[in-house]
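Reckoned from all heavy atoms, side chains included, excluding hydrogens, waters and symmetry mates. Please read all numbers here as calculations on a predicted model, not as lab measurements. Ligands are counted one by one from 1 in listed order, and the atoms in each one are counted from 1 as well.
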Amino acid sequence: MSNIRTAAQWVSEAQSVVVLSGAGMSAQSGVPTFRDAQTGLWQRYAPEQLATEEAFRDNPAMVWTWYVWRAMLVNSVAPNAGHQAIGSWQEHLLAYGGSLTVATQNVDNLHERGGASEVLHLHGSLQNYRCIDCGRSAAFDPASSGMRADKTFDEDQALEPVACTYCAVGMLRPGVVWFGETLPQDAFHAAVDALHEADLVVVVGTSGLVQPAASLPSIGRDAGAKIIEINPVPTELSEVADLHFAATAAVILPDMLSDVVS
Ligand code: BV8
């Protein structure tokens with residue numbers, strides 16, 4: 001039986017599914033993956049160097065501009081066929097007493113805009129902002145910055161950080177998890193709990209380099225779930241997978257799910 005037929009068979013039998021996604025899930029929507037070469041202002045930095053509190057405190061204007069540009073880009077693109085297939089699959093399972101949990105490393109909202117609900121954001125979200133000093137949540141609309149949502153970045157768009165209107169001391173920071181910061185424990189433990197009950201885990205669009213998220217697929221395997229990986233290239237996680245599709249999310253997910261989603 002072909003791999004796609006095997007996967008479709010597993011999909012038809014699955015009642016408790018977990019989808020673990022990374023930046024590759026959003027690539028075909030036009031959002032650069034996390035380790036794609038940085039453009040413009042950030043060309044000389046690895047993302048790991050920018051996505052830290054230290055980088056923000058050292059150069060708040062540069063890091064703040066990076067996040068506002070990413071938020072504007074996400075708001076200007078659309079969920080792809082892979083996001084939509086996952087949203088429809090979740091709806092199908094819920095209608096028949098099953099469950100599908102999406103646990104994503106992505107800070108965009110494309111799973112939700114593709115129809116998925118109760119999405120677990122292991123690394124936070126670009127939709128939320130808070131004061132880096134007093135911690136108070138703050139409403140911030142990236143469009144208010146006047147920045148263009150271009151696919152690449154022009155340095156003339158550099159922004160000044162936004163001051164907290166509550167304490168008037170701190171600056172607003174994005175509600176993402178920076179390197180060296182702990183993951184939101186409620187989201188992480190909800191993902192672990194779902195993996196303990198899973199009979200099928202689909203790992204899509206992640207290089208498997210960032211911990212502790214990269215350890216999650218093994219929890220599913222140890223709990224007896226079948227593991228499917230979707231990634232154009234082999235990754236750190238490929239040895240955990242029962243099936244690896246060297247393919248892209250927006251192509252293979254609709255194909256694999258064609259029997260269960262309209
Ligand atoms: C923490 C938000 C406790 C910000 C991000 C062991 C245990 C615990 C921690 C560590 C550890 N070892 C090291 C650490 C430290 C660190 C870490 O993992 N470092 C790495 C670099 C080694 N981890 C942490 O700091 C975490 N915190 O553990 O707290 C602690 C505290 C102090 C000290 C120790 C421990 C916090 C990690 C979260 C960081 N924040 N994002 C932001 O976005 O700006 S991580 C960032 O990486 C994004 O969330 C991204 O999603 C994520 C993972 O990357 P991927 O999603 O995999 O993306 P990538 O570009 O790498 O790969 C894309 C893949 O898609 C590729 O494979 C490509 O082939 C594929 N692809 C491309 N196109 C497609 C496709 N696939 C399908 N279809 C396509 N079309």
S.K.: For Ala225, is there any backbone N or O sitting under 3.5 Å from a side-chain donor or acceptor partner on Asp199?
M.R.: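 Side chain of Asp199 to backbone of Ala225: no pair is present.
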
S.K.: Looking at Val19, Val251, Leu243, Val202, which hits side chain to side chain contact (heavy atoms under 4.5 Å, CB included) with Ile230?
M.R.: Val202

S.K.: Any N or O on His123 sitting closer than 3.5 Å to an N or O of ligand 1?
M.R.: yes

S.K.: Below 4.0 Å from ligand 1: does a non-hydrogen atom of Leu183 turn up there or not?
M.R.: yes

S.K.: Does even one non-hydrogen atom of Asn231 get within less than 4.0 Å of ligand 1?
M.R.: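 Yes, that is the case, since the closest heavy atom of the residue is under 4.0 Å from the ligand.
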
S.K.: Considering heavy atoms of the protein only, find what lies nearest to atom 3 (C) of ligand 1 and give residue, atom and distance to 0.1 Å.
M.R.: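 Heavy-atom neighbour on the protein nearest atom 3 (C) of ligand 1: Thr182 CG2, 3.9 Å.
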
S.K.: Out of Arg35, Gln105, Glu236, whose heavy atom sits nearest atom 54 (O) of ligand 1?
M.R.: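 Checking each option, the heavy atom nearest atom 54 (O) of ligand 1 is found in Arg35.
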
S.K.: For ligand 1 and Gln211, I'd like to know whether there is a polar contact (N/O to N/O, distance under 3.5 Å).
M.R.: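 In this structure, Gln211 places an N or O atom under 3.5 Å from an N or O of ligand 1.
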
S.K.: Examine Tyr45 together with Trp66 and report whether their ring centres are nearer than 6.0 Å.
M.R.: no

S.K.: Using a heavy-atom cut-off of under 4.0 Å, does the side chain or the backbone of Ala51 touch ligand 1, or both, or neither?
M.R.: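 The part of Ala51 near ligand 1 is the side chain, not the backbone.
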
S.K.: Any non-hydrogen protein atom below 4.0 Å of atom 34 (C) of ligand 1?
M.R.: no

S.K.: Is there a polar contact, in the sense of an N or O pair closer than 3.5 Å, between Gly180 and ligand 1?
M.R.: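 Among all N and O atoms of Gly180, at least one is under 3.5 Å from an N or O of ligand 1.
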
S.K.: What I'd like to find out is whether the side chain of Ile228 reaches to under 4.5 Å of the side chain of Met256, using heavy atoms alone.
M.R.: yes

S.K.: Give a yes or no on whether a salt bridge exists between Asp133 and Arg173, defined as a side-chain N under 4.0 angstrom from a carboxylate O.
M.R.: no

S.K.: Number the atoms of ligand 1 from 1 as they appear, then name those within less than 4.0 Å of a heavy atom of Pro212, with their elements.
M.R.: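 In order of number, 28 (O).
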
S.K.: Indicate yes or no: does an N/O atom of Phe34 lie under 3.5 Å from an N/O atom of ligand 1?
M.R.: yes

S.K.: Is there a polar contact between ligand 1 and Ala23, counting only N or O atoms under 3.5 Å apart?
M.R.: yes

S.K.: Is any side-chain heavy atom of Gln28 less than 4.5 Å from a side-chain heavy atom of Thr248?
M.R.: yes

S.K.: For Thr235, is at least one N or O under 3.5 Å away from an N or O on ligand 1?
M.R.: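 No - when backbone and side-chain N and O of Thr235 are compared with those of ligand 1, no distance drops under 3.5 Å.
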
S.K.: Checking the N or O distance criterion of under 3.5 Å, is ligand 1 in contact with Gly205?
M.R.: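 Right, the criterion is met.
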
S.K.: Tell me whether Arg70 reaches ligand 1 (any heavy atom closer than 4.0 angstrom to a ligand atom).
M.R.: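 Distance cut 4.0 Å: Arg70 passes for ligand 1.
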
S.K.: I want to know if ligand 1 touches Val233 in the polar sense, i.e. an N/O pair below 3.5 angstrom.
M.R.: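 By distance alone, the answer is no.
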
S.K.: Hey, does Glu48 come in under 3.5 Å of ligand 1, counting only N/O atoms on both sides?
M.R.: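 Such a contact does not occur with ligand 1.
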
S.K.: Test your reading of the model: is there a side-chain donor-acceptor pair from Glu181 to the backbone of Trp178, 3.5 Å cut-off?
M.R.: yes

S.K.: For atom 73 (N) of ligand 1, what is the nearest protein heavy atom, given as residue, atom name and distance?
M.R.: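 Sorting protein heavy atoms by distance from atom 73 (N) of ligand 1 puts Ala27 CB, 3.7 Å first.
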
S.K.: Tyr129 vs Trp64 aromatic rings, parallel, tilted or perpendicular, using cut-offs 30° and 60°?
M.R.: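 Judged by the thresholds at 30° and 60°, the geometry between Tyr129 and Trp64 is perpendicular.
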
S.K.: For Gly22, counting its heavy atoms only, list the atoms of ligand 1 lying under 4.0 Å from any of them.
M.R.: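 Near Gly22, the atoms of ligand 1 are 56 (O).
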
S.K.: Below the 3.5 angstrom mark, is there an N/O of Val177, backbone or side chain, next to an N/O of ligand 1?
M.R.: yes

S.K.: Does anything in residues 103-130 form a salt bridge (Lys or Arg N to Asp or Glu O under 4.0 Å)? List the pairs, not counting sequence neighbours.
M.R.: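 Found none.
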
S.K.: At what distance is the nearest protein heavy atom to atom 29 (O) of ligand 1, and which residue and atom is it?
M.R.: Glu181 O, 3.0 Å

S.K.: Would you please test Gln90 and Ser117 for side chain to side chain donor-acceptor pair (under 3.5 Å) and show each step?
M.R.: CA-CA 8 Å; Gln90 184 186 57; Ser117 57; 3.2 Å; yes

S.K.: Enter the distance from Leu50:CG to Arg70:CZ here, rounded to the nearest 0.5 Å.
M.R.: 9.0 Å

S.K.: Is at least one protein non-hydrogen atom found at under 4.0 angstrom from atom 13 (C) of ligand 1?
M.R.: no

S.K.: To the nearest 0.5 Å, what is the distance between CD on Gln127 and CG on Asp141?
M.R.: 10.0 Å

